[in-house]
Amino acid sequence: MLRLPTRTLRSTFRSLSSYGKVDDKIVSLICNIVGPDNVTTSESARNLHGTDESFHPTRAPEAVVTPLSTSHVSEVMKICNSHRIPVIPFGTGTGFEGGVGALYGGVCMAMHKMTEIVEVNQSDFDATVRAGVTRHQLNDWIRADGLHFPIDPGAGASVCGMCSTSASGTNAVRYGTMRENVLNMEVVLADGTVIHTAGEGRRPKKTSCGYNLTNLFVGSEGTLGVITQATVRLHGIPEATAAAISSFDSVQNAVDTVVMILQCGLPLARIEFLNSDMISACNKFSNLQLKEAPTLFLEFIGSPSGVEEQAMLAEELCVGNGGENFSWATEHSEREQLWKARHNCWYAVKATYPGKHAYSTDVVVPVSHLPETVVFCHELAGEMGVPAPIVGHVGDGNFHCFLLSNQDDETETLRIKDFSRKLALKAQSFGGSCTGEHGIGLGKRELLIEEVGTGAFETMKIVKKSLDPLLIMNPGKVIDLDHLL
Ligand SMILES: Cc1cc2c(cc1C)N(C[C@H](O)[C@H](O)[C@H](O)COP(=O)(O)OP(=O)(O)OC[C@H]1O[C@@H](n3cnc4c(N)ncnc43)[C@H](O)[C@@H]1O)c1[nH]c(=O)[nH]c(=O)c1N2
Ligand SMILES: O=C(O)C(=O)Cc1ccccc1
Ligand SMILES: [Mn+2]
């Protein structure tokens, strides 16, 4: 039976609610560890490291530290823990949920100088990278070996940042998310202890060895420790690839087609849905001439003949549901142009509505509920007068609705929050989740409680307090401090 913390524990926590300041003494202690070039209190560096892609309220950290090694991270953690100073890990700042803001002050642990690709085991299909390595850098390194790391959040995120948010992207329908692709991580805990979640040097493709600490830290959003190294799965670059596109006369028909294609067991590499507002933004931003209608982008991989067979079957299913303009390309440059435009959706909509604040929803539902959830989203946006470009990794039942508001218009901002909440509750009512890949951060903390229920939430609190009793790791994210004090 799970229990709330005892009264004594509660009063201890209450007395800890004020954090230590990063004064000159702390800066000089940190400087002694990492050297003067690797700690700064400059305003520009602090501002840069306090913000991500989101519109969530934020605050700059008091100092930015750039460790060069795991032992640097560990020694800095020991200082921060003993002075009760918040530590906020920072990868590349491409997150969507306000994860890097220093809400209670403290030190930003910016990982970009830990850039080593430690090893690539070509014949075992795995690689180990330090925290500053981005997914693009890893892919550039392994391409000549015929390998790739397919998890693709549009941005050039760090691999360890992706571990931290449990990221995925357009390839997840084929290759899974970070959860299925991380084999081991080195993590520095709040008190400076260094652990390897699956044991030092281990990289088995399967394991039944005790509690799954790897998946505890995947998705922990910097609230349980600093991930200093990750061992990830790699995959072979497919022999042949084809991309296809088809437009529909209604959202319903387009999304029904997705369900049908999945039910036929067609081994897709990607299947993405874009509504007409999103296509319109992409046409302008990426200089495309696509019909402004609900559209599917698809990709097939395998042998040349297998790819052709898949594309023809997909075409049949699309046409059967009223899909028009089915066209497919095997040419690398044509495919690149299409997927580049898809990955630039975020920037395309931001450019279409300059000056507006952008927010993205991230619901995911069991795929049989996808059509009604997307249609619900589309109609609710219409009713509420909210412009709503939609794009989604529909093969996983996951989609994003891009919401825009005037920064100074409080009513509009509230309307968007209300919309986002209604959509998340709808997804939860279908057995889905308020976030498929962007995380909880700041905006979805209440939805987390509704989603997992009291028992699981209390268990999460116990985990957090056990690993970080002084609550210094990225405070205020995922679980509101009020719930922990
Ligand atoms: C244009 C575009 C498109 C997309 C996306 C972004 C952008 C700008 N994203 C979101 C984003 O890329 C994703 O959340 C990444 O995992 C964030 O990685 P960063 O390295 O930028 O982490 P960032 O620095 O933004 O940090 C994110 C969170 O992780 C923590 N963190 C970072 N590094 C850590 C470390 N080493 N140890 C512990 N905690 C750490 C931070 O404290 C913070 O809470 C996304 N995502 C997605 O899943 N699917 C998608 O399709 C897209 N698409
Ligand atoms: O492109 C994606 O898949 C994203 O996760 C980012 C995003 C979110 C909402 C609208 C456009 C892009
Ligand atoms: Mn996405």
Side-chain angles (χ1 to χ4, degrees), residues 48-54 56 61 67 70 73 86-102 108-112 114 129-135 151-172 177-178 185-189 217-230 270 272-275 277-278 281-282 339 341-350 358-362 364 388-394 396 398-404 435-442 473-478:
L48 187 75
H49 288 87
T51 46
D52 62 6
E53 281 287 328
S54 73
H56 292 297
T70 301
V73 177
V87 175
I88 306 99
F90 187 99
T92 57
T94 67
F96 275 123
E97 292 300 337
V100 298
C108 166
M109 191 80 84
M111 307 306 288
H112 60 270
M114 290 179 62
V129 297
R130 299 254 190 251
V133 176
T134 67
R135 70 179 187 93
I151 320 299
D152 65 332
S158 67
V159 173
C160 289
M162 290 166 62
C163 291
S164 157
T165 62
S166 186
S168 51
T170 64
N171 280 313
T177 70
M178 287 306 280
M185 278 179 291
E186 180 186 76
V187 181
V188 181
L189 302 180
F217 285 91
V218 171
S220 60
E221 301 185 43
T223 63
L224 299 180
V226 183
I227 303 166
T228 44
Q229 177 174 297
R270 314 190 203 194
E272 298 280 314
F273 166 76
L274 294 83
N275 74 353
D277 285 348
M278 188 59 86
C282 286
W339 291 113
R342 162 61 192 92
H343 275 139
N344 277 335
C345 276
W346 176 252
Y347 303 112
V349 190
K350 280 177 81 156
Y359 180 68
S360 159
T361 67
D362 180 34
V364 53
I390 296 174
V391 61
H393 316 295
V394 279
D396 306 309
N398 180 208
F399 69 92
H400 313 298
C401 178
F402 197 111
L403 301 170
L404 298 135
T435 175
E437 52 178 27
H438 294 165
I440 295 295
L442 289 175
M473 286 308 314
N474 209 357
K477 314 298 164 56
V478 184

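Numbering of ligands and ligand atoms starts at 1, following listing order. Along the sequence shown, residues are numbered consecutively beginning with 1. Because only heavy atoms are used, hydrogens play no part in the values below, and waters and symmetry mates are left out as well, while side chains stay in.
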> Any side-chain heavy-atom pair from Met185 and Cys163 closer than 4.5 angstrom?
Replying inline: yes
> For the residue pair Thr361 and Cys401, what are the closest heavy atoms and their distance?
Replying inline: OG1-N, 2.9 Å
> So which N/O/S atom does Glu437 have closest to the Mn ion (ligand 3)?
Replying inline: OE2
> What are the atoms of ligand 1, with element, lying closer than 4.0 Å to any heavy atom of Glu53?
Replying inline: 8 (C)
> Quick check: does any side chain N or O of Asn474 sit under 3.5 Å from a backbone N or O of Gly99, one acting as donor and the other as acceptor?
Replying inline: yes
>> Heavy-atom distances under 4.0 Å decide this one: backbone, side chain, both or neither, for Arg342 against ligand 2?
In response: side chain
> Does Gly98 offer a backbone N or O that forms a donor-acceptor pair with the side chain of Asp52 under 3.5 Å?
Replying inline: yes
>> On a heavy-atom basis, I'd like to know which of Val73, Ile440, Thr94 is closest to atom 6 (C) of ligand 1.
In response: Thr94
> Is the closest basic N to carboxylate O distance between Glu272 and Arg342 below 4.0 Å?
Replying inline: yes
> Would you say His438 and ligand 2 have an N/O pair spaced under 3.5 Å apart?
Replying inline: yes
>> Can you tell me which portion of His393 lies within the under-4.0 Å heavy-atom range of ligand 1? Options are side chain, backbone, both, or neither.
In response: side chain
> Side chain, backbone, both or neither: which part of Ser164 has a heavy atom under 4.0 Å from ligand 1?
Replying inline: side chain
> How far is atom 6 (C) of ligand 2 from its nearest protein heavy atom, and which residue and atom name does that atom have?
Replying inline: Phe96 CE1, 3.4 Å
> Should the proximity of Asp52 to ligand 1, defined as any heavy atom under 4.0 Å, be assigned to the side chain, the backbone, both, or neither?
Replying inline: neither
> Glu53 and His438: side-chain hydrogen bond (donor to acceptor under 3.5 Å, both in side chains), yes or no, with the steps?
Replying inline: CA-CA 11 Å; Glu53 281 287 328; His438 294 165; over 6 Å; no
> If you count the atoms of ligand 1 from 1 in the order shown, which ones are under 4.0 Å from a heavy atom of Gly225?
Replying inline: 38 (C)
>> Quick test: of every protein heavy atom, which one is nearest to atom 10 (C) of ligand 2, and how far off is it to 0.1 Å?
In response: Phe402 CD1, 3.2 Å
>> Side chains of Thr70 and Glu186 only: does a donor on one sit below 3.5 Å from an acceptor on the other?
In response: yes
> Ring centroid separation for Phe90 and His112, is it under 6.0 angstrom?
Replying inline: no
> Heavy atom under 4.0 Å from ligand 1: found in Asn474's side chain, backbone, both, or neither?
Replying inline: side chain
> What's the shortest distance from atom 8 (C) of ligand 2 to any protein heavy atom, and which residue and atom give it?
Replying inline: Ser360 OG, 3.2 Å
> Nearest protein heavy-atom contact for atom 7 (C) of ligand 2: which residue, which atom, what distance?
Replying inline: Trp346 CE3, 4.0 Å
> Are any of the N or O atoms of Ile88 closer than 3.5 Å to those of ligand 1?
Replying inline: no
> How does Glu97 reach ligand 1, by side chain, by backbone, by both or by neither, if only non-hydrogen atoms under 4.0 Å count?
Replying inline: neither
> Under the side-chain hydrogen bond (donor to acceptor under 3.5 Å, both in side chains) criterion, do Ser54 and Glu97 qualify, and how do the steps go?
Replying inline: CA-CA 6 Å; Ser54 73; Glu97 292 300 337; over 6 Å; no
> Does the shortest distance from the Mn ion (ligand 3) to an N/O/S atom of His400 fall below 2.8 Å?
Replying inline: yes
